[in-house]
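Note that ligands are numbered from 1 as they come in the structure, with each ligand's atoms numbered from 1 the same way.
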Amino acid sequence: MENSEIARVFFEIADLLELKGGDLFRVRSYRNAGMVADGLPESLKSLYAENGEDGLKGIPGIGESTRAKIIEMLETGGCAYHRELLIEMPSGMLEILKVSGVGPKKAALIHKELGVKTIDELEKAASLGLIHDLPGFGQVSEEKILKGINDLKSRSQAFKLSFSVPFARSFAAWLRKVPGIIDIVPAGSYRRWKETIGDLDILTTCEDAPAVMERFVKHPEVREVVSMGETKSTVMLKAGLQVDIRVLEKKSFGAGLLYFTGSKAHNVALRDRAKRMGLKISEYGVFREDGSWAAGQTEEEVYAAVGLQWIPPELRENRGELEAAEKGSLPLPLDRSDIKGDLHVHTKESDGTFTMEQMAGAAMKLGYEYMAVTDHSKAVGIARGLDEARITAQMKAVDEFNAKLRRQKRKFTVLKATEVDIKADGTLDHPEEVLRKLDLVVASVHSGFRMSMDEMTKRVVKAIRTGFINILGHPTGRLLGEREPYLIDLEKVMAEAKKHNTALELNSYPDRLDLNDVHCMLAKEKGVLVAISTDSHSIHHLGNIEYGIHVARRGWLEKKDVLNTRPLGELMKTLKKK
Ligand code: DGT
Ligand code: CA
Ligand code: CA
Ligand code: ZN
């Protein structure tokens, strides 16, 4: 099983336990284990394969009992405890939890009182008016449930990109063993780094296509072979993800790669352009009017045949990239090495799992110059947010740690910072004296999401007007597939941010990716800097910066548009300018 599937089992155990009214501490530890498994860059499977149980020790958030379950899942493909819980609590109840406005307590009550086990039954009960008489419910909550069901149904059947990453890697390693295989490239929305993907498309080249097909359908995660041909096949995985594969001719690999990378809109625009030039582009190559073959081995060659420079996959959404490529004015792709530090990192002081020193050590290993410690403020009680006394002590600890780094001649600096809560009335959750002493202030909304657009915009604008905010954290609050963004007028927020020299965060946590690509384009247009941060709660999350970088690329951002591409000295000047 891949990390994301193991995580899913842990999340389900947590939900099921909660539905049963189980011990909150255990619920939380399973949920935490799920989070850790999901965010881990290394595959649990390979950690276990390489070092046995020892390979799984020392992962924060994974205790003895969750480790045993991971081993059980890796060895048997399932978890007995999970199955037991599913026998007690119908699996449809897990679906019901996805309806917004229905938490575990309410779901359990509806189940007990009305025997509701599935979303369809819930919908029926709500539309028959059976819900509003239950204790703790009313007319309004019944309507909310109906709306929640509607929203859930309209949400597309898409997977988070991060969910598909371990599968893509696993298939690549699996197919690598086919004798004579040359290229193995995931294409489609995956290669374009879309935040969610519908299915995985893998392209290969190999003289022996049937051998590729045969091994492909035998991957241990395959639940069902949907179709199997000589050069293309489709399978459905146990995790519900569909995977398509094709074997392409070496000669037309570039044309095929371009075609199956998409997007469809990009392909259509490209074909139209070719037509105007008297050429025809297909998945097999570029052809002249007389049918003779003009190009196709590489993508560069295909683009060049229609007078364009190569377009990075992240830009292939038909948002002006063809025109830019024609003029040679495509954005210079942001590179991993452009990122000089992480400006949103949590430690054990609030809800992180490591100390500042450990987080800094991991950041140094990534080659960074700096890292900002941004623990929560006191309003975020569940995250053990810091009050004035604790953040004052933390600032002192940072100073001492920096002094130690200087003595050791290390070129790394920890910034004294906070992720201060923007309260419902738009005030900040630390007093001015504290905010003034910090090197950097990230400010975010963590509660009171249900406001009108006008109220939420006013709340955030008021916060920015304090002049203390360097970075507005996860500006829309969305959680992919879980929580819609809150209503906020980002144009107004950006206008205010520009005035006060406030950057907007692109939160790289794979569930957030907030700002999204379109928001990044808007920020660039408005002249507002974007900070690409990870919101790491563990050393294992720092690598998520990769997701942020690619979303930024999809949003046409360049090095100059991103705050944390600045070396330390320049960064500090930017932060001081307010
Ligand atoms: P997804 O899987 O829904 O996240 O999105 P994609 O972009 O991966 O789409 P998918 O898997 O249906 O097809 C992969 C690529 O193949 C797609 O990006 C473009 C190309 N393609 C598929 N169907 C068509 C089509 O009817 N016309 C054109 N021009 N291209 C297509
Ligand atoms: Ca696809
Ligand atoms: Ca596909
Ligand atoms: Zn945070």
Note to self: To 10 degrees, how wide is the angle NE2 (His346) to the Zn ion (ligand 4) to OE1 (Glu419)?
What the structure shows: 90°

Margin query: Report whether any nitrogen, oxygen or sulfur of His474 sits less than 2.8 Å from the Zn ion (ligand 4) (N, O or S, backbone or side chain).
Written below: no

Margin query: the Zn ion (ligand 4) and His537: any N/O/S contact shorter than 2.8 Å?
Written below: no

Between [Y] and [X], is there a side-chain heavy-atom distance shorter than 4.5 Å?
X: His474; Y: His446; value: yes
X: Ile391; Y: Leu438; value: yes
X: Glu349; Y: Arg390; value: yes

Next item on the list: Report the name of the N/O/S atom of Asp244 located nearest to the Ca ion (ligand 3).
Entry: OD2

Check: Should the pair Asp183-Lys250 be classified as a salt bridge under the 4.0 Å nitrogen-to-oxygen rule?
Finding: yes

Next item on the list: Just give me the atom name: the N, O or S atom of His344 closest to the Zn ion (ligand 4).
Entry: NE2

Notebook entry, point to check: When you measure from the Zn ion (ligand 4) to each N, O or S atom of Asp535, which atom gives the shortest distance?
Noted result: OD1

Next item on the list: Would you name the N/O/S atom of Asp201 that lies closest to the Ca ion (ligand 2)?
Entry: OD2

Notebook entry, point to check: Would you call the rings of His537 and His346 parallel, tilted or perpendicular if under 30° counts as parallel and over 60° as perpendicular?
Noted result: parallel

Note to self: If the cut-off is 3.0 Å, does any N/O/S atom of Asp199 fall short of it from the Ca ion (ligand 2)?
What the structure shows: yes

Item checked: side-chain hydrogen bond (donor to acceptor under 3.5 Å, both in side chains) between Asp375 and Thr347, worked out -> CA-CA 6 Å; Asp375 279 313; Thr347 75; 2.7 Å; yes

